[in-house]
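Sequence positions, counted from 1, serve as the residue numbers for this chain.
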Amino acid sequence: MKFLADMGISPRTVNWLRSKGYDAIHLVEQGLEKIPDEAILSKAQKEQRIVLTVDLDFGFLLAITKASLPSVILFRLGNESREVIEERLTEVLEKCQDELSHGAIISVSDEYYRVRSLPI
């Protein structure tokens, strides 16, 4: 799996993903911290990456465009520290690989996660 981390995700989480063997990049590494959400989705789709974000706009954009990719993992946590995000991400990656490969938005909260297949 390949990941594209939005600005709300710590670059240290990207390094953690790399240490686990994943191909992961952060927008800031490529000087893209100010590109619009639509461009982030386009980049992720072209590069076949899963977007990691805390930004609710990605779900809305996927819904209005009826896109089937890229997949998005949206963190909606009380504590958005990298440690908590990494803990919750570990669970999602263990249980949702098939959904992510076919196109999904996964909303991750403190207690649960919800999977919505794309297109919406």
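Within the 4.5 Å cutoff, the side chain of Thr53 has heavy atoms near those of the Val72 side chain. Counting heavy atoms from C-beta on, the side chains of Arg49 and Asp23 come closer than 4.5 Å. At a threshold of 4.5 Å between non-hydrogen side-chain atoms, the residues Leu74 and Arg76 count as touching. A 4.5 Å side-chain heavy-atom check between Thr65 and Leu41 finds every atom pair outside the cut-off. In this structure, the side chains of Leu77 and Val54 stay at 4.5 Å or more apart for every pair of heavy atoms. Between Val115 and Cys96, the closest side-chain pair of non-hydrogen atoms falls below 4.5 Å. A 4.5 Å side-chain heavy-atom check between Leu93 and Thr90 finds every atom pair outside the cut-off. Two residues are said to be in side-chain contact when any heavy atoms from C-beta on lie closer than 4.5 Å; Phe60 and Asp37 fail this criterion.
The minimum heavy-atom distance between Gly59 and Ile105, with the atom names listed, is CA-CD1, 3.7 Å. Closest approach of Leu118 and Pro70 over heavy atoms only: CD1-O, 3.4 Å. Contact between Tyr113 and Glu91 at its shortest, heavy atoms only, is CE2-OE2, 3.7 Å. Contact record, Leu62 with Leu69: CD2-O, 4.3 Å, taken as the closest heavy-atom pair.
Put simply, the side chain of Asp110 gets close to the backbone of Gly78: a donor and an acceptor are under 3.5 Å apart. At least one donor-acceptor pair under 3.5 Å links the side chain of Arg88 to the backbone N or O of Ser109.
The distance from the CD atom of Gln45 to the OG atom of Ser71 is 10.5 Å, given to the nearest 0.5 Å. Note that the CZ atom of Arg82 and the CG atom of Asn15 stand 9.0 Å from one another [nearest 0.5 Å]. Residue Glu83 holds its CD atom at 8.5 Å from OG of Ser10, rounded to the nearest 0.5 Å. Within the model, atoms CD of Glu47 and OG of Ser42 stand 9.5 Å from one another, a figure rounded to the nearest 0.5 Å. Arg12 contributes atom CZ, which lies 12.5 Å from atom OG of Ser19 (distance to the nearest 0.5 angstrom).
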N/O donor to acceptor pairs below 3.5 angstrom from side-chain atoms of residues 24-32, sequence neighbours left out:
{"from": "His26", "atom 1": "ND1", "to": "Val28", "atom 2": "N", "distance (Å)": "3.1"}
{"from": "His26", "atom 1": "NE2", "to": "Asp6", "atom 2": "O", "distance (Å)": "3.3"}
{"from": "His26", "atom 1": "NE2", "to": "Ile9", "atom 2": "O", "distance (Å)": "2.6"}
{"from": "Glu29", "atom 1": "OE1", "to": "Arg18", "atom 2": "NH2", "distance (Å)": "2.7"}
{"from": "Glu29", "atom 1": "OE1", "to": "His26", "atom 2": "N", "distance (Å)": "2.9"}
{"from": "Glu29", "atom 1": "OE2", "to": "Arg18", "atom 2": "NH1", "distance (Å)": "3.0"}
{"from": "Glu29", "atom 1": "OE2", "to": "Arg18", "atom 2": "NH2", "distance (Å)": "2.8"}
{"from": "Gln30", "atom 1": "OE1", "to": "Lys43", "atom 2": "NZ", "distance (Å)": "2.8"}

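When hydrophobic clusters are built by joining Ile, Leu, Val, Met, Phe, Trp and Tyr residues whose side-chain heavy atoms come closer than 4.5 Å, directly or via intermediates, Met7 is not grouped with Leu52. Residues Ile64 and Ile120 share a single hydrophobic cluster, defined by chaining ILVMFWY side chains whose heavy atoms lie under 4.5 Å apart. There is a path of hydrophobic side-chain contacts, each under 4.5 Å, that joins Ile106 to Val84. Grouping the Ile, Leu, Val, Met, Phe, Trp and Tyr side chains by contacts below 4.5 angstrom, directly or via other members, places Val14 apart from Phe3.
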Q.
As a quick check of understanding, evaluate side-chain contact (heavy atoms from CB on, under 4.5 Å) for Leu100 and Ile73, giving each step before the final call.
A. CA-CA 9 Å; Leu100 289 166; Ile73 300 175; 3.9 Å; yes
Q.
Test side-chain contact (heavy atoms from CB on, under 4.5 Å) on Phe58 and Ile40; report intermediate values, then the result.
A. CA-CA 9 Å; Phe58 287 100; Ile40 294 169; 3.8 Å; yes
Q: Please assess Gln97 against Glu99 for the test side-chain contact (heavy atoms from CB on, under 4.5 Å), listing each intermediate value before the final yes or no.
A: CA-CA 6 Å; Gln97 287 188 19; Glu99 292 90 341; over 6 Å; no
(Q) Working note: Ile50 + Lys2, criterion side-chain contact (heavy atoms from CB on, under 4.5 Å); need CA distance, chi angles, decisive distance, verdict. (A) CA-CA 6 Å; Ile50 298 164; Lys2 296 166 48 173; over 6 Å; no
